Amino acid sequence: MTIRVIIVDDQAMVRAGFAALLSAQADIDVVGEAPDGRQGVQVSRTAHPDVVLMDVRMPEMDGLTAARELLSPPPGVVHRPKVLMLTTFDIDDYVYEALRAGASGFLLKDAPPADLIAAVRVVASGEALLAPSVTRRLIADFVQQRPAPRKDPALRLKGLTPRETEVLELIARGLSNQEIAGHLVLAGHLVLAEQTVKTHIGRVLAKLDLRDRAQAVIFAYEAGLVRPGDSD
């Protein structure tokens, strides 16, 4: 299946470079571009991409505002793409707020080309781009500096089973599905397949009304289940 992508960035050369790189991949199709967040939202609503590469700082409408509009669309708008934030800085409060809003992760603009291609594929598959330790550090730093819990997350944890709570903690510590499965086996649980882990994760996200792993990581920090430094 071809991954449909749009690129939203106020620098024409960045858009052109990313478009050329991604279009050269057999499984990726660049279906639109925009120079600011406002036009990016309009292009997305028309082109219906799977993934939106969204710059953080732009004129007219910044990437955070645009991401919120795409991820929490008004009544009548059904399409909700995955949003991957692009930034020049690895520690950026705009990026953190975008993750809280439902963005699937972030990527530095100077990342190697292979990382950009892999990021688009990862996000399109439904996973969050949270592997780099800097991402977890970013989340931990901003939760620690200015926590903004939503509807008492610690209280909402009580709706999870002990196994689901353990899985949420492991997600927040940055473990992959395969690593979570291995951890549970070592802990004495009868979990042998990644599919079982995926089932647990799906239940956690549904019970907590979270969109993906990125929001799950932030929720775990805000609830106090994981504290800054635990995941490094």
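Note that the coordinates shown come from a computational prediction; the quantities given were computed from them, not determined experimentally.
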Would you please test Gln25 and Arg121 for side-chain contact (heavy atoms from CB on, under 4.5 Å) and show each step? CA-CA 11 Å; Gln25 311 306 309; Arg121 290 172 176 155; 3.6 Å; yes
Are Asp55 and Asp62 side-chain neighbours, meaning at least one heavy-atom pair lies under 4.5 Å? no
For the residue pair Leu116 and Leu21, establish whether any side-chain heavy-atom pair is separated by less than 4.5 Å. yes
Write down the atom of Ala223, the atom of Leu157, and the distance for their closest heavy-atom approach. CB-CD1, 3.6 Å
Any side-chain heavy atom of His79 sitting closer than 4.5 Å to one from Ser44? yes
Which residues pass the salt bridge (Lys or Arg N to Asp or Glu O under 4.0 Å) test with Arg4, not counting sequence neighbours? none
Donor-acceptor pair, Thr65 side chain versus Met61 backbone, under 3.5 Å? no
Nearest atoms (heavy-atom pairs only) where Pro49 meets Pro81: O-CB, 3.5 Å
Where Ile171 and Ala216 come nearest, the two heavy atoms and their spacing: CG2-CB, 4.4 Å
Would you give the length of the straight line joining atom CD1 of Ile180 to atom CZ of Arg173, rounded to the nearest 0.5 angstrom? 11.5 Å
Considering the options Leu70, Val123, Val43, which one meets the side chain to side chain contact (heavy atoms under 4.5 Å, CB included) requirement together with Val52? Leu70
How about Leu168 and Leu160: do any of their side-chain heavy atoms sit closer than 4.5 Å? yes
Inter-residue atom distance Leu225.CG - Leu170.CG, 0.5 Å rounding: 9.0 Å
Pairwise distance CD(Gln42) to CG(Asp36) - rounded to 0.5 angstrom: 8.0 Å
Should we count CD of Gln178 as having more than 12 external heavy atoms under 6.0 Å? no
Roughly how far, to the nearest 0.5 Å, is OG of Ser104 from CG of Leu84? 7.5 Å
Are side-chain heavy atoms of Val204 and Leu208 found at a separation under 4.5 Å? yes
Measure the spacing between CG of Leu64 and CE of Met58 and express it to the nearest 0.5 Å. 10.0 Å
Please tell me if the side chains of Glu33 and Gln39 come closer than 4.5 Å, counting only heavy atoms from C-beta onward. no
Under 4.0 Å between a Lys/Arg side-chain N and an Asp/Glu carboxylate O for Lys109 and Asp9? yes
Between Met85 and Ala67, the two heavy atoms sitting closest are SD-CB, 4.2 Å
Any side-chain to backbone donor/acceptor pair from Ser72 onto Glu69? Under 3.5 Å, distance only. no
State, to 0.1 Å, how close Ser23 and Val30 come at their nearest heavy-atom pair, and which atoms those are. OG-CG2, 3.4 Å
Measuring from atom CD1 of Ile3 to atom NZ of Lys82, what distance do you get when rounded to the nearest 0.5 angstrom? 12.0 Å
Answer yes or no: is there a side-chain heavy-atom contact under 4.5 Å between Val5 and Asp50? no
Test Ile6 against Leu53 for side-chain contact (heavy atoms from CB on, under 4.5 Å), laying out the working first. CA-CA 6 Å; Ile6 70 170; Leu53 294 179; over 6 Å; no
Looking only at heavy atoms, the pair that brings Ile28 and Thr2 closest together is C-CG2, 4.1 Å
Would a distance-only check, ignoring hydrogens and angles, find a side-chain to backbone donor-acceptor pair under 3.5 Å from Arg15 to Ile7? no
Do the side chains of Val77 and Arg45 get nearer than 4.5 Å, heavy atoms only? yes
Does Asp209, at its CG atom, have more than 12 non-hydrogen atoms belonging to other residues, nucleotides or ligands within less than 6.0 Å? no
